[in-house]
Amino acid sequence: MFPYPSGDGLHTGHVESYTATDIISRYWRMKGKNVLHPQGFDAFGLPAENFAIKTKIHPSQTTQKAIATFKQQMNMLGFSYDWSREVNSSDPKYYKWTQWFFLLLYKNGLAYRGKAKVNWCNSCQTVLANEQAEGGVCERCGSPVVQKDLEQWFFKITDLIESKGATSGLLQGLDKIDWPESTKAGQRNWIGKSEGAQFKMEIITSTTPASGHPSSAEEGTKGEVLDYIEVFTTRLDTVFGMTFALIAPEHKIINELKSQIENWSEVEKYIEEARKKSELQRISETKEKTGVEIKGVKVINPFTEQEIPVFISDFVLAHYGTGAVMAVPGHDQRDYEFAKKFNLPIIEVIKSEDRKSSIEKEAFIEDGVLANSREYDNTTSAKAREKLIEWIQKNNLGEKKINYKMRDWLVSRQRYWGAPIPIIYCPQCCHSRPASQYGANLENEKSGSRIKSGMTEFEITEIDGKKYAMVPIPEKDLPVLLPDDVDFMPHGESPLSKSKKFHDVSCPKCGEKAKRESDTMDTFVCSSWYHFRYADPKNEKEFASKEKIEKWLPVDLYVGGAEHTVLHLLYSRFFTKALHNLGYIDFDEPFLKMRHQGIILAEDGQKMSKSLGNVINPDSVVAQYGADALRMFEMFMGPLEDAKPWNTKGITGIYRFLEKAWRISLKFKVKSEKSGLEVKSLIHKTIKKVSEDIEKLKFNTAISALMVLLNEIEKNEEMPIEVFEKFLILLSPFAPHISEEIWSQLGHEESIFKEKWPEYNPELIKEEIIELIIQINGKVRDTISVAVDISETDAKKLALESEKIKKYLLGREPKKIIFVKEKLINIVL
RNA sequence: GCCCGGGUGGCGGAAUUGGUUUACGCACAGCACUUAAAAUGCUGCGGGAGAAAUCCCUUGUGGGUUCGAGUCCCACCCCGGGCACCA
């Protein structure tokens, strides 16, 4: 994963993941593979812009400086990147293609403008990303974040959740990629698929007192049907237990029923209070349910035909399902709490199969057997769901329905330091249309509708009450350059709108005065496709050529932080799937194998943070111990994926190991042909172990194998130079600097990295004599040296002859003797 | 609450996937080298009993399967990470 070039330089986490891929790359190159190991910079983004606001230094300057530092540090650490393929997402040559992707998605109906609630900071006068509004307060100034309805750009990521034609869905694709289970689970969870039913219920004028128990609507007493309300449920089997309905405060039906609502002022007050709360506040106030009954109207449960009351409550989410739910307090904990608070009836309609659970103290939320459900009594939950859905469909009340938690991706940002969105808004782009459709006619078009203008179809949008045709910038005019004369201080609207030069343009279609979109794209858009660019970074005609993409992609191994579980990793999958679906590429997953590096904690076991002053700076570690020691120590600390605390004392172990290798190298100036067989066997075992461990990314045990080998080499006064040279080659991916240096001191003219990775001889690994373990009842009592291929009878005979064993047997006859070849004998008494 | 991990010496961690628990490294102790220190090398280092040979116990806890369990199954306790009123 390419880094965000922060002013702080590389941190220990970067060193960890970049060393891992460097070892892998060097290993496979020495194995004769053609390895693409690229690096680049995710250079747009908020920190640079915020820093610019503070210091008035242009973000491109700070970014360039940071990139220079990063590259210098990466070179210091010996990462073998192909810098000729470097990408920088803030470079116009790069973001030209980010804009091209935007248009590609737009032209294919995967990008659209729509209204959305966004996080808004009144003090900074700007929109904030979700991650900058954590805890409901602005990250920068600490003032509360409010929700604001704004027209924004979205990518239709929800369109690719399920497989589409030959393109696997975001959900299904997970099954075929080698990713950590936790990350796949995180994505599934984020997508949040749930299958259920959606059905409608009649809203009627109230004929029964407010709240109170449900009553059957008898002929003639039933109120007038005012409207319908739709609800979504995954537990249709519990419908007979529905004793009230709940709707979200934002539900539009509330206004439509206004004239019928007896307690309008109370209702209005509740909605107003809910509106003021941010989503985060609502969540943090989970403890107690609140709500208000809508008096004057009732809802009819179509299954029981009973009238039930309707409540507004802010725990019902407007943006999920239909924004309204059937409340079954007996079998949903939230409904249970609500019913208790408002003293509403709780009916048991599902019984646990073992009849043990009840709804005395809490809702029984598991599946079970139906009760109090008329002809469905004694049916299992699963069966009842099937039958009830049939009934709903037959009566035209609703249908099967799948809902997802995931919403479309909001990509527009009212920010300066990002790729401009390549759209122009033309108030009169209609000159090529028939006269009847000219000018004012545009005002009659609905926002979001499409109009035809000659061969082109435009979408209509509304900005500040005025209608515009959205005109995509022609590809030949890309990139839309980010103006550098812009005042990027926050003023409450997109900084780009302040640049007249940028903002006021003539329409590329009709040439009339028009205005340019002044929002930029979320930086995650830039990083959603960079892996393609590495294949063909200098291409000026395409984002990458088809042949180059075919040659290099998809990515075989991707390493990066687990914090990207959802955002980046989901977005790049979306881009890849969109490209596949549109026929640009022949694969639909970008990263075949992925691993996360675990975080490196500070020496005190806490997270490294500037405020705690416990940050380990790679520069100072390199100054003291050298780049190789830092690389190797981070690999030696533990498994790549595990969180591990830093230990400054620990690095001395690696430092001593590298020094030892250096000292021993001085002994090998004179060749010796005398060879110790044991070392020879050990070196072949080590070749096997180190190779296999590198391929499995188990660098910690690979290093320990290298240590074992070096300790053994040290013990032998003389051995052929080849033994030590093989050790050096095995060491070189981990510690490239010292290996290269020793290699050259040994008289080699060519780089050690031009050497072929050693092969091991399976014959030399084979043991001829082994220590056979003798157990009695599973406990080790003796070991005997025997030939590997000793026969079962011989082994048993030897075991029973052992003095120690005889002592334990006391002349008893074994019940059974287990013989495991090349391992052990277990005598069962 | 739900979903993913994990619990092995004083510490970071090994364990061929059911076969000698504690590889490798750190720390610690003793010794050698040195006038001395550092560096380096050697030895020891899970717990308990013992002068020793040796014996017993030990992979969070309790149970189970097995000739044999750190590893598999059941229940529980604890820790880390993610999501979280999604009907």
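Here is how names work: the chains are called A, B, and so on, in the same order as the sequence lines, proteins then strands, and each is numbered from 1.
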Closest to the side chain of A/A185, out of B/A87, B/U40, B/C3, is B/C3
Sugar-phosphate only, base, or nothing, as touched by A/V325 at under 4.0 Å among non-hydrogen atoms:
base
With the 90 degree cut-off around zero defining syn, does B/G9 come out syn or anti?
syn
With the side chain counted from C-beta on, respond yes when A/R573 and A/L174 share a heavy-atom pair under 4.5 Å apart, and no when they do not.
yes
For RNA chain B, the expected dot-bracket line (Watson-Crick or G-U under 3.5 Å, [ ] crossing, | inter-strand) is (((((((..(((......[....))).(((((.......))))).((((....))))..(((((..]....))))))))))))....
Could you check how far CG of A/L174 sits from C1' of B/C4, rounded to whole Å?
14 Å
For A/P639, answer base if it contacts any base atom (sugar-phosphate contacts may also be present), sugar-phosphate if it contacts only those atoms, and nothing otherwise; contact means non-hydrogen atoms under 4.0 Å.
sugar-phosphate
Quick one, A/R663 and A/E714 - any side-chain contact, counting heavy atoms below 4.5 Å?
yes
Check: A/G561 main-chain N/O paired with A/Q597 side-chain donor or acceptor under 3.5 Å
yes
Over all strands shown, is A/K715 touching base, sugar-phosphate only, or nothing at heavy-atom distances under 4.0 angstrom?
nothing
Starting at CD1 of A/I805 and ending at C1' of B/C67, how long is that distance when rounded to a whole Å?
14 Å
Please measure how far the P atom in B/G6 lies from the corresponding atom in B/C73, and state the result in whole Å.
13 Å
With side-chain contact (heavy atoms from CB on, under 4.5 Å) as the test, would you mind laying out the steps for A/T158 and A/Y404 before giving the verdict?
CA-CA 8 Å; A/T158 54; A/Y404 303 92; 5.9 Å; no
Please state the C1' separation for the pair B/C24 and B/A32 - nearest whole angstrom.
25 Å
How many whole angstroms separate atom NZ of A/K696 from atom P of B/A14?
13 Å
Distance in angstrom units between A/K821 NZ and B/G68 C1', rounded
20 Å
Measure all distances between protein nitrogen or oxygen atoms and nitrogen or oxygen atoms of nucleotides 53-60 of chain B, and list the pairs falling under 3.5 Å.
unit_1: B/C55; atom_1: OP1; unit_2: A/Y808; atom_2: OH; d: 2.3
unit_1: B/C56; atom_1: OP2; unit_2: A/R781; atom_2: NH1; d: 3.3

A side-chain contact here means heavy atoms from C-beta on lying under 4.5 Å apart; do A/D335 and A/L344 qualify?
no
Base of B/C4, side chain of A/K184 - is there a donor-acceptor contact under 3.5 Å?
no
Anti or syn, where syn is a glycosidic angle within 90° of 0; which label fits B/U17?
syn
Atom P, compared across B/U35 and B/A27: separation rounded to whole Å
26 Å
Looking only at atom P, what distance separates B/G10 and B/G60, rounded to whole Å?
13 Å
Look at the aromatic rings of A/H568 and A/H564 and report parallel, tilted or perpendicular, splitting at 30° and 60°.
perpendicular
Take atom C1' in B/C57 and the same atom in B/G50, then report the distance between them in whole Å.
15 Å
Rounded to whole Å, please give me the gap between CG in A/L829 and C1' in B/C67.
11 Å
For nucleotides 30-34 of chain B, list the nitrogen or oxygen atoms of the protein found under 3.5 Å from its nitrogen or oxygen atoms, one pair per line.
none

Quick one: label A/S194 by what it contacts on the DNA or RNA (base, sugar-phosphate, nothing), any heavy atom closer than 4.0 Å.
sugar-phosphate
When rounded to the nearest Å, what value does the distance between C1' atoms of B/C45 and B/C33 take?
23 Å
Taking atom C1' in both B/U61 and B/C78, what distance in whole Å separates the two?
10 Å
Partner set under salt bridge (Lys or Arg N to Asp or Glu O under 4.0 Å) for A/R385, not counting sequence neighbours:
A/D237, A/D367
Taking the C1' atom of each, how far is B/C4 from B/C55, in whole Å?
44 Å
Could you give me the CA-CA distance, side-chain angles and deciding distance for A/F199 and A/M326, then say whether side-chain contact (heavy atoms from CB on, under 4.5 Å) is met?
CA-CA 10 Å; A/F199 63 93; A/M326 63 175 217; 3.8 Å; yes
Using the six-membered ring wherever Trp is involved, compare the ring planes of A/Y558 and A/F591 and label them parallel, tilted or perpendicular (cut-offs 30° and 60°).
parallel
Looking only at the side chains, is there a donor atom on one of A/T12 and A/E634 sitting less than 3.5 Å from an acceptor on the other?
no
Could you tell me if A/Q172 and A/E162 have a donor-acceptor pair between their side chains, going purely by distance under 3.5 Å?
yes
Cation over ring face, A/K200 and A/Y228, 6.0 Å, 45°
yes
Over all atoms of both residues, closest heavy-atom pair of A/F303 and A/L388:
CE2-CD2, 3.6 Å
Can you tell me if the side-chain N/O atoms of A/K644 get under 4.0 Å from OP1 or OP2 in B/G12?
no
Start at the 5' end of RNA chain B and walk down; is the nucleotide closest to A/M406 or to A/N777 reached first?
A/N777
To the nearest angstrom, how far is A/E692 atom CD from B/U17 atom P?
11 Å
Can you tabulate the close N/O pairs, meaning under 3.5 Å, that link protein atoms to atoms of nucleotides 19-26 of chain B?
unit_1: B/G19; atom_1: N2; unit_2: A/Q775; atom_2: OE1; d: 3.2
unit_1: B/G25; atom_1: OP1; unit_2: A/N711; atom_2: ND2; d: 3.2
unit_1: B/C26; atom_1: OP1; unit_2: A/R656; atom_2: NH1; d: 2.6

Whole-Å distance between B/C85 C1' and A/F232 CZ?
15 Å
Before giving the answer on side-chain contact (heavy atoms from CB on, under 4.5 Å), spell out for A/K807 and A/E803 the whole-Å C-alpha distance, their side-chain angles and the decisive distance to 0.1 Å.
CA-CA 6 Å; A/K807 233 170 70 190; A/E803 285 304 318; over 6 Å; no
Review item, side-chain donor-acceptor pairs of residues 813-822 of chain A, under 3.5 Å, at least two apart:
unit_1: A/K815; atom_1: NZ; unit_2: A/L829; atom_2: O; d: 3.3

With rounding to the nearest 0.5 angstrom, report the CD1 to CD1 distance, A/I365 to A/I350.
12.5 Å
Name the residue closer to the 5' end of RNA chain B, choosing between A/G186 and A/T234 according to the nucleotide with the nearest heavy atom.
A/G186
May I have the distance from A/L317 (atom CG) to B/A84 (atom C1'), rounded to whole angstrom?
11 Å
